[in-house]
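Presented below is the structure to which this report refers.
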Amino acid sequence: MIKKIFSSVIVFFASFLFIGLNAQNVSRKPLQTIIIDPGHGGLDPGATGTFSKEAQVSLEVSLKLGKAIENEFPDIKVIYTRTSDILPGDKSSIEQGLFYRADLANQSNGDLFIAIHCNSAGRSPGGWYGKRISHYNTVTKKVKVKKNKWVTKTMKVPVYEDYWIENVAKGTETYVWAVSKNDSKINSVAKKAEDYYGEIDSVSTISLPDPTDPVDKARMLIYAQNFFRKSLNLADLVQQEFAKTGRVDRGVKQRNDKGIWVLQATGMPSVLVEIGFISNKGEEEYINSEKGQGEIVANIFNALKVYKEKLEAKKTDADKESEKKPF
Ligand SMILES: [Zn+2]
């Protein structure tokens with residue numbers, strides 16, 4: 001009997017050891033699914049240039065980026081939020097389209113979310129007319145100084161002219177979600193886990209993370225911080241690549257607005273790349289050209305390659321923590 005108990009204890013611990021080793025060896029590849037999100041689409045053309053629209057340029061660059069990834073890394077699954085000039089999911093409002101983008105990313109268990117947009121600034125694309133003083137005319141006229149008293153005065157009167165103000169803002173920026181939005185990122189982590197594990201029945205030992213539970217919240221925070229660190233890392237690499245090509249590097253930024261909502265609604269590292277100013281004549285031509293789009297795709301792709309290598313080479317404690325499943 002004792003022997004029997006002893007052997008079952010051994011089996012018991014051995015199975016733990018086996019599970020432990022297995023868990024170490026069969027670790028998930030860190031970059032399996034990439035969601036590419038071309039900004040705007042359909043009834044939402046985004047910013048307009050002098051001859052092109054943001055929705056169309058973003059789509060062209062997104063499709064080329066996806067191709068480049070599939071060609072070099074056939075193991076990586078690329079999922080687009082849209083592949084034609086529609087709002088994602090063919091939704092009828094911008095808001096619904098945004099939800100669709102995030103839902104698709106979360107439900108696909110994406111490991112990375114890349115949104116592609118074009119920037120815009122100034123009063124109108126290309127430039128606009130302003131007024132300025134071109135010169136002064138000397139005029140002599142009678143001026144009333146007192147009742148019934150007039151004097152002749154010589155004065156300078158400005159003459160205005162219209163002049164062309166070029167829309168000069170240009171360059172590239174990459175956005176990561178604002179730190180103040182970490183709470184919504186935490187909730188999207190919970191959302192993703194729900195999608196990942198599917199329906200939870202009563203016999204399941206898997207419990208969903210509860211954002212109101214302090215322990216779960218702490219663990220989800222590790223996820224969110226891990227995602228933030230990775231997003232920042234990729235964003236930085238993207239900007240470095242743009243700079244190498246001679247583009248104006250406006251840096252890695254954070255912003256709180258509707259367009260960036262998708263960044264905190266996706267339970268994965270996420271970046272939004274502004275590939276150039278469609279409102280700048282030179283950049284509009286560049287982001288529409290074969291050469292320009294080729295360079296932009298190569299820039300983002302090269303950054304992604306370094307990001308991927310880093311992920312695969314070194315797993316940090318935060319990564320290991322993130323891989324512990326279930327919560
Ligand atoms: Zn946009």
Side-chain angles (χ1 to χ4, degrees), residues 34-66 79-105 112-126 167 169-178 181 231 234-235 238-239 242 247-266 270-289 292-293 296-297 299-300 303:
I34 298 177
I35 316 296
I36 299 183
D37 179 38
H40 313 275
L43 56 94
D44 171 22
T48 45
T50 59
F51 65 89
S52 62
K53 290 186 165 53
E54 181 185 359
Q56 157 239 324
V57 179
S58 302
L59 180 62
E60 287 170 12
V61 170
S62 294
L63 295 176
K64 287 180 181 176
L65 175 63
I79 294 173
Y80 304 93
T81 56
R82 66 182 180 97
T83 52
S84 61
D85 188 20
I86 53 164
L87 271 178
D90 210 8
K91 299 292 180 191
S92 50
S93 78
I94 295 175
E95 208 107 272
Q96 285 174 359
L98 279 178
F99 285 131
Y100 181 88
R101 293 175 207 266
D103 277 350
L104 178 70
L112 179 64
F113 184 90
I114 305 175
I116 304 289
H117 283 246
C118 308
N119 228 329
S120 166
R123 237 181 277 169
S124 65
N167 196 335
K170 65 174 186 176
T172 60
E173 301 170 336
T174 301
Y175 284 89
V176 293
W177 82 86
K181 298 282 177 179
S231 307
L234 176 62
V238 169
Q239 285 306 122
F242 279 139
R247 304 288 308 279
V248 172
D249 172 14
R250 297 169 63 102
V252 174
K253 295 187 174 178
Q254 295 185 315
R255 190 168 70 186
N256 299 315
D257 70 18
K258 210 158 105 190
I260 312 289
W261 177 85
V262 285
L263 295 185
Q264 63 251 5
T266 44
S270 51
V271 295
L272 185 148
V273 188
E274 297 275 10
I275 59 170
F277 279 76
I278 201 165
S279 51
N280 176 294
K281 199 170 174 287
E283 282 208 332
E284 185 186 15
E285 279 160 15
Y286 180 78
I287 60 178
N288 272 279
S289 69
Q293 291 189 353
I296 291 163
V297 166
N299 291 151
I300 302 173

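Counting convention: from 1, in listed order, for ligands and their atoms alike. For the single chain, residues carry numbers from 1 onward in sequence order.
Remark: the backbone N or O of Ala121 is paired with a side-chain donor or acceptor of Asn167 at under 3.5 angstrom. Glu54 places a side-chain N or O within donor-acceptor distance of the main-chain N or O of Cys118, the cut-off being under 3.5 Å.
Every side-chain hydrogen bond (donor to acceptor under 3.5 Å, both in side chains) that Glu283 has, sequence neighbours left out, goes to Arg247. Every residue two or more places apart in sequence or in another chain that forms a side-chain hydrogen bond (donor to acceptor under 3.5 Å, both in side chains) with Asn299 is listed here: Thr245.
Residue pairs meeting the ring pair (Phe, Tyr, Trp, His ring centres under 6.0 Å) criterion with at least one member in residues 34-54, sequence neighbours excluded: His40-His117.
Inspection of the Thr50 and Glu284 side chains reveals an N or O donor paired with an N or O acceptor under 3.5 Å.
Within a radius of less than 2.8 Å around the Zn ion (ligand 1), the protein N, O or S atoms are His40 NE2, Glu54 OE2, His117 ND1.
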